[in-house]
Undergrad: 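I'd like to ask you about the structure that follows.
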Amino acid sequence: MAVSKINVKRGEPLDFTIKPIQPVSTRDAVYAALRSLILQLELPPGAAISEKEMADKMGVSRTPIRESFVRLSQEGLLEVYPQRGTFVSLIDPELVEEARFMREQLEVAVVRLACAEFPAEHLAALESNLSQQRASISVHDYHLMFELDETFHRTIFEGCRKSNTWAALGGIITHLNRSRMLRLAADQQWDHLYNQHQGIVDAIRTHDEAAAVQLMTDHMLLSVADQALLKMKYPDYFKQ
């Protein structure tokens, strides 16, 4: 069937209706909450969860829980076994390494750009972030430290006008992020992490590209050493 030609003259008002913007749906809210619980290890790798249990805890029907389970299984965060149940997926070391490799390439490329040109307001945001990191170290809040770490790196991408690149990483690095969260929880000696962040900011401020690239590369390689230690300490959390 042919599509009717729309005949609107220049200057004439268009005749259409925009539906009101809806608030976040229950389905999306449930999905976000479950995903956060998994990434923050509140639901640890290997944990058994059920639709009924989650529905009761969240005070919702089983439908948004079921839909969220499907989305999370597609992301590799849940494993569904017929007749056995649903389990939080184990951390996959191969996916961790692949995500680390991808993130390293992008982080190094972006810090090169930052050393060439970086807005003053974003540099100030990094300085503020460092102050908050120091505070989180003093109270050993690993959830806050993780969020500040994420914000630190996101700010560099934003300052280089690469926000979409950062957003594209989100769905790829879930296994890496769980490993990073586990590392922060297991070992709360975070001074080395903080010092690397401080060095990166200093290198951006002084336009020292060589130092920034080396620091960022070393920073991204931390997770390689962490993997071996974490697998020894938490063998049940990792896929063999």
Side-chain angles (χ1 to χ4, degrees), residues 24 29 32-33 35-42 96 99-100 102-226:
V24 175
R35 192 174 190 274
S36 178
L37 289 172
I38 293 171
L39 293 180
Q40 294 188 22
L41 305 179
E42 300 293 336
V96 170
R100 184 211 61 79
M102 179 179 294
R103 183 166 175 178
E104 178 188 335
Q105 308 311 305
L106 292 174
E107 294 272 7
V108 168
V110 167
V111 85
R112 288 184 189 275
L113 295 176
C115 286
E117 180 182 1
F118 200 70
E121 62 270 24
H122 286 81
L123 190 60
L126 291 178
E127 294 282 10
S128 175
N129 182 279
L130 285 172
S131 296
Q132 294 176 71
Q133 285 185 39
R134 175 52 65 189
S136 75
I137 290 173
S138 66
V139 296
H140 304 293
D141 187 337
Y142 69 90
H143 285 117
L144 176 58
M145 188 63 178
F146 179 86
E147 291 302 322
L148 290 170
D149 188 358
E150 287 288 279
T151 301
F152 179 89
H153 289 275
R154 185 178 70 244
T155 299
I156 298 176
F157 277 74
E158 290 172 348
C160 296
R161 299 183 294 279
K162 295 293 180 288
S163 296
N164 289 327
T165 304
W166 173 265
L169 281 170
I172 300 171
I173 61 175
T174 52
H175 284 262
L176 174 60
N177 281 349
R178 284 198 293 167
S179 176
R180 290 170 54 218
M181 182 72 79
L182 185 60
R183 190 266 181 189
L184 291 173
D187 180 5
Q188 297 190 355
Q189 300 301 314
W190 305 330
D191 285 336
H192 185 51
L193 181 68
Y194 171 85
N195 290 336
Q196 285 185 331
H197 284 160
Q198 180 68 69
I200 290 167
V201 172
D202 292 341
I204 291 173
R205 184 190 300 106
T206 59
H207 308 286
D208 189 342
E209 180 181 310
V213 167
Q214 187 61 59
L215 282 163
M216 187 64 80
T217 300
D218 292 343
H219 189 59
M220 291 294 109
L221 286 173
L222 281 178
S223 62
V224 175
D226 291 341

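What you see is a predicted model, and the numbers here were worked out from it, not measured in a lab.
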Undergrad: Restricting to non-hydrogen atoms, name the atom on V108 and the atom on V213 that form the minimum distance, rounded to 0.1 Å.
TA: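 Closest heavy-atom pair between V108 and V213: CG1-CG1, 3.9 Å.
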Undergrad: H153 vs H219 aromatic rings, parallel, tilted or perpendicular, using cut-offs 30° and 60°?
TA: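 H153 and H219: parallel rings.
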Undergrad: Please step through salt bridge (charged side-chain N to carboxylate O under 4.0 Å, His left out) for the pair R154 and E147, ending with a clear verdict.
TA: CA-CA 10 Å; R154 185 178 70 244; E147 291 302 322; over 6 Å; no
Undergrad: Check the pair L182 / L41 against side-chain contact (heavy atoms from CB on, under 4.5 Å), numbers first and verdict last.
TA: CA-CA 7 Å; L182 185 60; L41 305 179; 3.8 Å; yes
Undergrad: Please examine the side chains of I173 and M102, heavy atoms only from C-beta on, and report whether any two atoms are closer than 4.5 Å.
TA: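 No - every pair of side-chain heavy atoms lies 4.5 Å or more apart.
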Undergrad: To the nearest 0.5 Å, tell me how far I204 CD1 sits from H207 NE2.
TA: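 Separation between the atoms: 10.5 Å.
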Undergrad: May I ask you to decide if A135's main-chain N or O and S138's side chain share a donor-acceptor pair within less than 3.5 Å?
TA: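 Answer holds: yes.
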Undergrad: Could you measure the distance from the CG atom of L222 to the OG1 atom of T217? Nearest 0.5 Å is fine.
TA: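 L222 atom CG to T217 atom OG1 measures 11.5 Å (nearest 0.5 Å).
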Undergrad: Is the closest side-chain heavy-atom distance between L215 and V111 below 4.5 Å?
TA: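 No. Closest side-chain heavy atoms not under 4.5 Å.
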Undergrad: With a 4.5 Å cut-off on side-chain heavy atoms, are S223 and L176 touching?
TA: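 Touching, per the 4.5 Å side-chain cut-off.
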Undergrad: Can you name the nearest heavy-atom pair linking Y194 to L130, along with the distance?
TA: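 That closest heavy-atom pairing would be CE1-O, 3.3 Å.
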Undergrad: About how many Å separate OG of S36 and NE2 of H143, when rounded to the nearest 0.5 Å?
TA: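 One finds 8.0 Å between NE2 of H143 and OG of S36.
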Undergrad: Might you point out which heavy atoms bring L123 and F118 nearest each other, and give the distance in Å?
TA: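 Between these two residues, the closest heavy atoms are N-CE2, 3.5 Å.
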Undergrad: Rounded at 0.5 Å granularity, tell me how far CG in L193 sits from CD in Q198.
TA: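 Spacing of CG (L193) from CD (Q198) equals 12.0 Å.
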Undergrad: To check you understand the geometry: which heavy-atom pair defines the closest contact between R178 and I38, and what is its length?
TA: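 For R178 and I38, the tightest heavy-atom pair comes out as CD-O, 3.6 Å.
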Undergrad: Answer yes or no: are there more than 12 heavy-atom neighbours, outside R161 itself, under 6.0 Å from its atom CZ?
TA: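 No - once you tally the heavy atoms of other residues, nucleotides and ligands closer than 6.0 Å, there are 12 at most.
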Undergrad: So, H122 side chain and T155 main chain: donor-acceptor pair closer than 3.5 Å or not?
TA: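 No, because the side chain of H122 does not come within donor-acceptor range (under 3.5 Å) of the backbone of T155.
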Undergrad: So does Q189 have more than 12 non-hydrogen atoms from other groups sitting under 6.0 Å from CD?
TA: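 Atom CD in Q189 is not crowded, with 12 or fewer foreign heavy atoms closer than 6.0 Å.
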Undergrad: Around atom CD of Q105, are there more than 12 heavy atoms of other residues, nucleotides or ligands at under 6.0 Å?
TA: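 Yes, the 6.0 Å shell around CD holds more than 12 heavy atoms from other groups.
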Undergrad: Report yes or no: does S128 contribute a side-chain atom to a donor-acceptor pair with the main-chain N or O of A124 at less than 3.5 Å?
TA: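 Not at all, since once roles are kept as given, no pair shorter than 3.5 Å links the two residues.
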Undergrad: Could you tell me if the side chain of F146 sits less than 4.5 Å from the side chain of Q40, heavy atoms only?
TA: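 Contact flag for Q40/F146 side chains = no.
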Undergrad: Can you tell me how far CG of N129 sits from CG of D149, rounded to the nearest 0.5 angstrom?
TA: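 The CG atom of N129 is 8.5 Å from CG of D149, to the nearest 0.5 Å.
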Undergrad: Under 4.5 Å between any side-chain heavy atoms of L221 and R100, yes or no?
TA: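 Heavy-atom side-chain distance check passes, below 4.5 Å.
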Undergrad: State whether the number of non-hydrogen atoms from other residues, nucleotides or ligands found under 6.0 Å of D191 atom CG is greater than 12.
TA: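 Yes, enclosed.
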Undergrad: If we only count heavy atoms from C-beta on, is the M181 to M145 side-chain gap below 4.5 Å?
TA: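 Answer no - side chains too far apart.
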Undergrad: Assess whether side-chain contact (heavy atoms from CB on, under 4.5 Å) is satisfied between L106 and W166, documenting all intermediate values.
TA: CA-CA 9 Å; L106 292 174; W166 173 265; over 6 Å; no
Undergrad: Salt-bridged, E150 to R180, with N to O below 4.0 Å?
TA: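 Answer for the salt bridge query: yes.
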Undergrad: Can you check side-chain contact (heavy atoms from CB on, under 4.5 Å) on L126 and H197, steps first, answer last?
TA: CA-CA 9 Å; L126 291 178; H197 284 160; over 6 Å; no
Undergrad: Is the shortest heavy-atom distance from the side chain of I156 to the side chain of K162 under 4.5 Å?
TA: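 In short, these two side chains do not touch, never coming nearer than 4.5 Å.
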Undergrad: Would you give the length of the straight line joining atom CE of M220 to atom CD of Q196, rounded to the nearest 0.5 angstrom?
TA: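 The CD atom of Q196 is 8.5 Å from CE of M220, to the nearest 0.5 Å.
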Undergrad: Please examine the side chains of W190 and R183, heavy atoms only from C-beta on, and report whether any two atoms are closer than 4.5 Å.
TA: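 They are in side-chain contact.
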Undergrad: Give me the atom names and distance for the closest heavy-atom approach of S136 to L144.
TA: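 Heavy atoms of S136 and L144 come nearest at CB-CD2, 3.7 Å.
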Undergrad: Search all heavy atoms of R35 against all heavy atoms of G170 and return the closest pair with its distance.
TA: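 Taking every non-hydrogen atom into account, NH2-O, 3.6 Å.
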